[in-house]
Amino acid sequence: MEPGVEYAPHTHEYAHVGVIVKGGTLQFTEKGKAESVTFKDGDAGWREAGVTHSIRNSGKTAVHVIEVELKREAPKDGATATITDLEAV
């Protein structure tokens, strides 16, 4: 995401993890409240499903993020999912 680029408000249907490949500063706006976060390479973040937010690169460098949406709920019996349980996107 290049400096100054803004993604309009949007809502993810699924919970997701964002892994920062190349760090920088992003501004997240949710429910009218803006928050700037500076990420380092390798940082990760979590967002629940159904949260409407916008994102703007408020820094001076490009930020690269890989987002992974979790399309299944975690097993209720305490078991962990294996890679074969996950759906490729």
Side-chain angles (χ1 to χ4, degrees):
M1 182 175 200
E2 294 298 320
V5 169
E6 183 169 354
Y7 295 155
H10 59 280
T11 305
H12 293 262
E13 181 179 353
Y14 302 101
H16 61 282
V17 175
V19 179
I20 307 299
V21 177
K22 182 177 179 193
T25 302
L26 298 176
Q27 181 182 58
F28 298 88
T29 302
E30 181 182 323
K31 297 181 183 175
K33 181 181 175 192
E35 176 185 15
S36 289
V37 180
T38 299
F39 293 100
K40 300 181 307 262
D41 298 0
D43 282 349
W46 170 264
R47 189 169 302 275
E48 293 291 338
V51 176
T52 300
H53 61 282
S54 63
I55 306 168
R56 182 173 70 89
N57 182 340
S58 57
K60 296 181 181 182
T61 60
V63 178
H64 296 226
V65 181
I66 296 173
E67 286 190 341
V68 178
E69 290 189 337
L70 306 175
K71 295 192 174 193
R72 287 194 188 168
E73 290 187 26
K76 305 253 188 265
D77 61 3
T80 57
T82 65
I83 195 68
T84 56
D85 293 332
L86 302 177
E87 178 181 326
V89 179

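Given the structure is predicted, the values throughout are model-derived calculations rather than measurements.
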Supply the atom-to-atom distance I55 CD1 to Q27 CD, rounded to the nearest 0.5 angstrom.
-> 11.0 Å
Heavy-atom pair of closest approach, residues A49 and A15 = CB-N, 3.3 Å
Evaluate the side-chain proximity of L70 to Y14: yes if any heavy-atom separation is below 4.5 Å, no if none is.
-> no
Step-by-step side chain to side chain contact (heavy atoms under 4.5 Å, CB included) determination, I66 to V21 | CA-CA 7 Å; I66 296 173; V21 177; 3.7 Å; yes
With a 4.5 Å heavy-atom cut-off, do H12 and E48 have their side chains touching?
-> no
Write down the atom of N57, the atom of T61, and the distance for their closest heavy-atom approach.
-> ND2-O, 2.9 Å
Donor-acceptor pairs under 3.5 Å, side chain of residues 33-44 to any protein atom, not counting sequence neighbours: which ones?
| unit_1 | atom_1 | unit_2 | atom_2 | d |
| --- | --- | --- | --- | --- |
| T38 | OG1 | T25 | OG1 | 2.9 |
| D41 | OD1 | G23 | N | 2.7 |
| D43 | OD2 | K40 | N | 2.8 |

Chi angles and distances behind the side chain to side chain contact (heavy atoms under 4.5 Å, CB included) call for H64, M1 = CA-CA 6 Å; H64 296 226; M1 182 175 200; over 6 Å; no
Test item: H10 side-chain N/O and A8 main-chain N/O as donor-acceptor pair under 3.5 Å = yes
Flag yes if L26 and V19 sit in one hydrophobic cluster, no otherwise; membership is Ile, Leu, Val, Met, Phe, Trp, Tyr, and two members link when side-chain heavy atoms are under 4.5 Å apart.
-> no
Output the distance between atom OH (Y7) and atom OG1 (T29), rounded to the nearest 0.5 Å.
-> 15.0 Å
Hydrophobic cluster membership, V68 vs V65, 4.5 Å side-chain cutoff | no
Inter- and intrachain pairs under salt bridge (Lys or Arg N to Asp or Glu O under 4.0 Å), touching residues 17-27, at least two apart | none
Is any side-chain heavy atom of K31 less than 4.5 Å from a side-chain heavy atom of H53?
-> no
Heavy-atom pair with the smallest gap, counting every atom of R56 and G4 = CG-O, 4.4 Å
How would you list, by chain and number, every residue that makes a salt bridge (Lys or Arg N to Asp or Glu O under 4.0 Å) with E30, sequence neighbours excluded?
-> R47
How far apart are the closest heavy atoms of P9 and S54, and which atoms are they?
-> N-CB, 3.7 Å
